[in-house]
There are 2 protein chains.
Amino acid sequence: MGIERRPLREQIREELLLRLDRGDFAAGTDINEAALAAELGVSRTPLREALITLAGEGVLESNQGRGFRFAPVSRKEFRELCEIVAALETLALRLSDPAYLRRVAPELLALARGFPDAVAERQVIERHDDEWHDLLLSGCPNERLLDLITSVKAGMRRYTHLLAGDDAPLERAAAEHCRIAEHLAEGDLPAAAEALRDNWVNGMERMLSRIPAP
Amino acid sequence: MGIERRPLREQIREELLLRLDRGDFAAGTDINEAALAAELGVSRTPLREALITLAGEGVLESNQGRGFRFAPVSRKEFRELCEIVAALETLALRLSDPAYLRRVAPELLALARGFPDAVAERQVIERHDDEWHDLLLSGCPNERLLDLITSVKAGMRRYTHLLAGDDAPLERAAAEHCRIAEHLAEGDLPAAAEALRDNWVNGMERMLSRIPAP
DNA sequence: ACTAAGAATTCTGCATACAAAATATTACAT
DNA sequence: ATGTAATATTTTGTATGCAGAATTCTTAGT
C-alpha cells in the first residue's frame, strides 16, 4: 500500500488550489504564512515553497517585504488567459494524431452528453470539464505543451468559483464539447480546432460579466 | 540611489541562468545544494527557492529524496519548446497593434542589420537576439502572454550554449529578422507572423544537429 | 577477485531560529 | 480631533539545525 511519499510543497499546492476552487480565498487577500502553515499543520518552509510555485503560475503575487497575496482578478487578465489557453489547446489538438482523435471521439461525445445529467456539485463538474479537455489532448505528443497548459490553467482557477450556482454556462459548454467531438469523429481536425477555440471564446464571454469590475 | 532590494531567490535564479548560458552546467548534472549555496555565498533556503522556480520553468527536474538536477536535453524537447514559443510569439504578434508595429519596424530593421557586425562574444549576441524579440513583441497588450513567453524561453536556455563558436546560424537569423521587419514596415502582419514562425522553425533546424543524441 | 550485507557518510526535506523590514500602537503636540 | 514622531508588535526573508532517506564505503564470505 503506497503511503504518501511526495514533497509536502506539492501536496500543499494542491490543497491551496482546491480551497481556491471552493472560493475560500478572496482575490487580493494577503497570505499570513505563519497562520496558514499552522492551519495546514506544516512549517513555513514547504508552505513558502508551494507559494513560490503558485506565484510562478500567476496564482499569487509577491512583493518584497510584504509576502504573498492572491493575485487580484480582472476581466483583462481573464481575457488574456483565455487567449493563451485557446492558442495552446488548439496547437495541442493540431499536433495530435488524427487517427487517435477519431478513436477517442466516441468517448468524448459520451462524456459530453452525460455532462448536464450529472447532478453533482459544481466543484465536481469543474473537475469533470478539466478531465474532458485532458482526454481531448491526451494524444498530443508534445509533453512540454501539456505541462504548460496545466500550469496556465492553474492560474485560471482563481476564476472558476465565480460560476457557482449557475448551470446554464455548463450546459452550453457541454453542447460545444459535443460539437467538437462530432468534428473529430468525422476526422475534420481543422473544424474541431476551430470549435475548440470557439469553446474558449464563448466560455470567456460567459464568465466576463461575473468578474467584478476593477 | 536605489540600492539592490530584491529577493535573493530572484538574483540567484538569474545568476544560475547566466551560468547556464556560459555552459557551466552539463545537462543532467545533479545539484549539490550546500556546495552551490556556499559558492554563491547564500544559505540553502533562498537557493532552494530559486531551484523550485527553475524547476517550474523546466530548467531543472526534481526527484523526491534526490534533489534537483539540470534537466537532460533532447531533440524532442527542443522541438517541443520551439513549437510552443513559435505559437506564443505569433499569437503575441497577431494581438499587437499594427500601427505600433509599423512604427517600430525601422528600429527592428536597423537592429537586425547591425547584427552580424557586432563582433561581440556569443553570449552578448544571444542576449541581443532576445532583446530583438522583446522589442518585436513590446506592443502586445497581453501581459500574461509576454510573461509566459519569457518563462518558456528560460527553459530553452539550456540549449543556447550549444551554438558556441559558430556565427553562421546567427547571420541567417539576422537575415530572417530583416525579413520580418520588412513585412511589418509594409503593414503586412500575417506575412510577418508567418516569417516569425519560419524563424523559429529554421532556428530549430539549425540547432537540432548540435544536440547530442539521447 | 567478486558479491552482498551492513556500517558510515552525505544529502535532502522539513522545522526552527533570528534579524530586518513593515505595520500597528501609543504618546504627544498642534 | 488630527497629524506626527517614537516605540512596540507583527511578519517576512534568510540562516541554521535536525531527522531520515539515499548513497558510498567497508568488509566478510564465497
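All chains are named by letter (A, B, ...) in the order of the sequence lines, taking the proteins before the strands, and each is independently numbered beginning at 1. All of these numbers come straight from a predicted model, not from anything done at the bench.
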B/Arg48 CZ - D/dT16 P separation (whole Å) = 16 Å
Looking at side-chain heavy atoms only, is the closest gap between B/Asn142 and A/Glu83 below 4.5 Å?
-> yes
What is the minimum heavy-atom distance between B/Ala71 and B/Gly58, and which atoms define it?
-> CB-O, 3.9 Å
Anything under 30° is parallel, anything over 60° is perpendicular, the rest tilted; go ahead and classify B/Trp132 against B/His177.
-> parallel
Base, sugar-phosphate alone, or nothing: which one does B/Ile31 contact when heavy atoms must sit under 4.0 Å apart?
-> sugar-phosphate
Verify the contact: side-chain N or O of A/Arg66 to OP1 or OP2 of C/dA21, cut-off strictly under 4.0 Å; return yes or no.
-> no
Within less than 4.0 Å of OP1 or OP2 of D/dT14, is there a side-chain N or O belonging to B/Ser43?
-> no
Would you mind reading off the distance between A/Arg9 atom CZ and C/dA15 atom P, rounded to a whole angstrom?
-> 13 Å
Integer-rounded Å distance: D/dT12 C1' and A/Leu51 CG | 12 Å
Which nucleotide sits closest to the side chain of A/Pro7: D/dT23, D/dT12, C/dC14?
-> C/dC14
Specify the separation, in whole Å, of atom CD of A/Glu49 and atom P of D/dT14.
-> 14 Å
Whole angstrom value for the distance that separates P of D/dT12 from CG of A/Asp30 | 8 Å
Round to the nearest Å and state the distance from B/Leu47 atom CG to C/dC11 atom P.
-> 14 Å
Using atom CG of B/Leu36 as one end and atom P of C/dC11 as the other, report the distance to the nearest whole Å.
-> 13 Å
Quick one: which of D/dT11, C/dC14, D/dA22 gets closest to the side chain of A/Asn32?
-> D/dT11
How close or far is atom C1' of C/dT12 from atom CD of B/Gln64, stated in whole angstroms?
-> 9 Å
Where the side chain of A/Glu33 is concerned, which of D/dT12, C/dA15, D/dA15 is the nearest nucleotide?
-> D/dT12
Among the candidates C/dC14, D/dA21, C/dT23, find the nucleotide nearest to the side-chain atoms of A/Leu8.
-> C/dC14
Which of these nucleotides, D/dA15, C/dC14, D/dT14, is closest to any side-chain atom of B/Val42?
-> D/dA15
So does A/Arg44 reach the base of D/dG13 with its side chain, donor to acceptor, closer than 3.5 Å?
-> yes
Taking it one step at a time, do A/Ile12 and A/Glu49 satisfy side chain to side chain contact (heavy atoms under 4.5 Å, CB included)?
-> CA-CA 9 Å; A/Ile12 293 171; A/Glu49 294 180 345; over 6 Å; no
Would you sort out whether B/Asn199 and B/His133 count as a side chain to side chain contact (heavy atoms under 4.5 Å, CB included), showing the intermediate values?
-> CA-CA 11 Å; B/Asn199 177 232; B/His133 281 261; 3.5 Å; yes
